[in-house]
Amino acid sequence: METGTIPIGELSGGLDLYRTLESGQTYCWRRSDDAMYTETPPGEAWYYTVVDGSPIRVRTTGRTLEWQSPIDAESLVRRLLRLDDDLEAIEAASPDDPLLTEAYEAHRGMRLVEDPPFECLVSFICSAQMRVSRIHSMVSTLAREYGTPLEWNDETYHSFPTPAQLASATEAELRDLGLGYRAPYVVRTAEMVADGEAHPAEARDLEYEPAREYLTRFVGVGDKVADCVLLFSLDFDEAVPLDTWIKSAIEEYYPECSQNGYAATSRAIREELGGQHAGYAQTYLFHHLRTGG
DNA sequence: ACCCAGGAAGTCT
DNA sequence: AGACTTCATGGG
């Protein structure tokens with residue numbers, strides 16, 4: 001087993017693993033004490049995920065981030081948790097806005113993540129009209145039912161299913177697993193990727209708005225889910241997903257950004273929240289508003 | 001404690 | 001504009 005430690009003090013802006021992984025931006029990580037979204041901090045518990053067939057687990061002890069994996073996963077951990085993002089610079093460059101400042105101060109150390117594209121895509125297809133805790137349980141169920149089980153450290157970890165594995169599921173099966181009307185969306189999107197018709201990672205090579213447009217070809221993916229994939233998987237930091245929370249924030253705090261149609265409102269709020277890093281601001285606002293800030 | 005209405009990181013037709 | 005699954009949650 002490979003292990004490593006990363007001093008949190010060396011990271012600009014620090015790292016709050018709990019807020020990073022339980023803020024509703026990623027559904028790719030699970031907690032060894034099975035207590036995600038219970039408002040209980042992880043303590044000594046590990047967060048784990050499986051990437052490209054390798055389990056990885058991380059936790060913070062004191063001011064240190066620990067990781068363990070069968071492989072040397074340090075660079076992977078740095079990428080998944082975006083440890084090299086300069087949080088202090090990002091916050092400093094963000095607009096001097098009372099609500100945003102409050103959100104940044106309330107959730108120090110929260111970082112954006114970089115999820116694997118297909119897993120992120122399916123996660124956010126599942127997210128339509130769902131609470132974050134249920135999205136997490138749905139994604140965990142898909143991994144358990146259709147992913148590949150891996151034995152490591154006397155524990156069983158499940159990879160998230162490949163497109164082909166998920167395409168083998170039927171709509172009826174996924175409905176039985178509680179996905180509701182999202183079931184056919186997930187099956188059809190998995191088939192599209194498995195068949196080579198399209199792949200979410202291909203959007204990485206496009207400009208922002210064409211990339212968003214590209215992703216909406218997947219079934220169950222509109223502008224909002226497309227923005228989530230761009231922001232949480234493909235490093236488009238300017239993407240601002242217009243979900244229910246942000247829409248209500250626009251009405252209350254940024255009424256001048258309320259335009260006719262998604263694209264126009266998107267451009268306005270992106271400008272309002274600082275342009276290139278607007279997605280970071282969005283994630284802080286979302287988490288802050290959703291947790292009653 | 002039991003019941004029920006409203007709502008949940010929206011998309012499709 | 002209306003339909004769509006399911007269910008944890010809060011108010012009565």
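It should be emphasised that the depicted structure is a prediction, and the values quoted were computed from it without experimental measurement. Just so it is clear: chains get the letters A, B, ... in the order the sequence lines come, proteins before strands, and each one is counted from 1.
- Nucleotide dA9(B) forms no Watson-Crick or G-U wobble pair with any nucleotide shown, as no partner meets the under 3.5 Å limit on both distances.
- Distance from the side chain of Tyr181(A) is smallest for dC4(C) among the nucleotides dC4(C), dA9(B), dT13(B).
- Residue-level contact check: Gln282(A) touches the bases, meaning some heavy atom is under 4.0 Å from a base atom.
- For Thr244(A), a side-chain nitrogen or oxygen approaches OP1 or OP2 of dG10(B) to under 4.0 Å.
- Within the nucleic acid shown, Arg175(A) comes within 4.0 Å of sugar-phosphate atoms alone, with no base atom in reach, counting heavy atoms only.
- His158(A) and Arg144(A) share no side-chain donor-acceptor pair at under 3.5 Å.
- If you check every strand for non-hydrogen atoms under 4.0 Å, Tyr262(A) touches nothing.
- Across all strands shown, Gly24(A) has heavy atoms under 4.0 Å from base atoms, whether or not it also approaches the sugar-phosphate.
- A cation-pi arrangement is not found for Arg290(A) relative to Trp245(A), the charged atom failing to lie both closer than 6.0 Å to the ring centre and inside a 45° cone about the ring normal.
- For Met138(A) and dC7(C), the CE to P distance is 10 Å, given to the nearest whole Å.
- For Lys224(A) and dT11(B), the NZ to P distance is 7 Å, given to the nearest whole Å.
- Applying the 3.5 Å distance criterion, the base of dT5(C) shares a donor-acceptor pair with the side chain of Arg182(A).
- Looking at the side chain of Val225(A), the nearest of the listed nucleotides dA9(B), dT6(C), dG10(B) is dG10(B).
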